[in-house]
Amino acid sequence: MADLWQDAMDHAVTAARGAGRQVVREALREDRKVMTKSSSVDLVTQTDQKVEQLIIQSVKEKYPTHRFIGEESVAAGEPCVLSDEPTWIIDPIDGTTNFVHGFPFVAVSVGFSVNRQIEFGVVYSCLEDKMFTARRGRGSFCNGQPLQVSAQTDVGQSVIATEFGSNRDPEVVDGIFSSLRNVLAIPVHGVRSAGTAAINMCLVASGCVEAYYEMGMHVWDLAAASLLVTEAGGVLMDVEGGPFDLMSRRVIAANNRSIGQRIAREIRAYAPVRDDAPAHTQ
Ligand SMILES: O=P([O-])([O-])O[C@@H]1[C@H](O)[C@H](O)[C@@H](O)[C@H](O)[C@H]1O
Ligand SMILES: [Mg+2]
Ligand SMILES: [Mg+2]
């Protein structure tokens, strides 16, 4: 059967690869002017803004009725609304801190939802030149090769990915360290941070790490890579073990439910302001 959204997915792949190669990689050769958003460690550059505008413009020309949730557009005051309409969910640079410092994990992330369900996800890891793609019901791939989550069932033989985010509120930082301590003390083989939520989730999809958890990231960090995880055979859940909610800013992405639930028991959960809270949705 013909795939209704194949053209759109092809467009996302071309746009993400083009932006990653021609804009992000080129910008890494030059001085990067750094600005801040919600706090002094929440960074943004002109490259983030340029990539987002390039992708949105190219999509608008082809699909004039489609909607957008873009990280830098929301930062500039655009609403953050996930409706039933076809919606492109864009993180122009996931891993901006990495980008600023030249730490080599930087991704362009493009998810696409219809009826609030992710139809395809594209994550281009710009420096590794890896194109991660997933189409709902049709599997996950890296540079065209199928991906499969790890078969590990013993959490004690697992590597877990997480991030420290950009919230430096002492209570939030204490919670992050308390969760990290508990996870390490399971004990697991190790804990890793790629510096980008999307690439952490692609690592789960690739079978290199068994689970990734974080609180405080946003829908644009997760949208595309969430499908990479499930299409590679993994599961998504809330940090307290309940159903995953794309707008809640909380996630565990795991190779299987039992490892996900085991990690959930160790997390000191808090509730960040949701992405669809009124201030963001007007
Ligand atoms: O700002 P950005 O680089 O697009 O995205 C950030 C990265 O994914 C980081 O790994 C995660 O810890 C933050 O929560 C995100 O905001
Ligand atoms: Mg991001
Ligand atoms: Mg970003």
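In what follows, every heavy atom counts, from backbone to side chain, and hydrogens, waters and symmetry copies are set aside. Read the numbers this way: they start at 1 and go in the same order the structure lists the ligands and their atoms. What you are looking at is a predicted structure, and each value in this text was computed from that prediction instead of being measured.
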> Which word best sums up how the rings of Phe120 and Trp88 line up, parallel for under 30°, tilted for 30 to 60°, or perpendicular for over 60°?
Replying inline: perpendicular
>> Once rounded to the nearest 0.5 Å, what's the spacing between atom CD1 of Ile93 and atom SG of Cys126?
In response: 7.0 Å
>> Distances under 2.8 Å only: what protein N/O/S atoms are near the Mg ion (ligand 3), ordered by chain and residue?
In response: Glu71 OE1, Asp91 OD1, Ile93 O
> In terms of side-chain geometry, is the basic nitrogen of Asp245 or Arg274 positioned less than 4.0 Å from the acidic oxygen of its partner?
Replying inline: yes
>> To check you understand the geometry: which heavy-atom pair defines the closest contact between Ala253 and Leu236, and what is its length?
In response: CB-CD2, 3.8 Å
> Any donor and acceptor pair, going by atom type alone, linking the side chain of Glu52 with main-chain N or O of Glu72 inside 3.5 Å?
Replying inline: yes
> Tell me, which residues have any heavy atom less than 4.0 Å from some atom of ligand 1?
Replying inline: Glu71, Asp91, Ile93, Asp94, Gly95, Thr96, Glu163, Gly165, Gly195, Thr196, Ala197, Glu214, Met217, Asp221
> Quick check: does any side chain N or O of Glu231 sit under 3.5 Å from a backbone N or O of Gly139, one acting as donor and the other as acceptor?
Replying inline: yes
>> Any donor-acceptor pair under 3.5 Å linking the side-chain atoms of Gln152 with those of Ser158?
In response: no
> Atom OH of Tyr212 and atom OG1 of Thr162: how far apart are they, to the nearest 0.5 Å?
Replying inline: 6.5 Å
>> I'd like to know if the side chain of Ser248 and the backbone of Leu246 have a donor-acceptor N/O pair within less than 3.5 Å.
In response: no
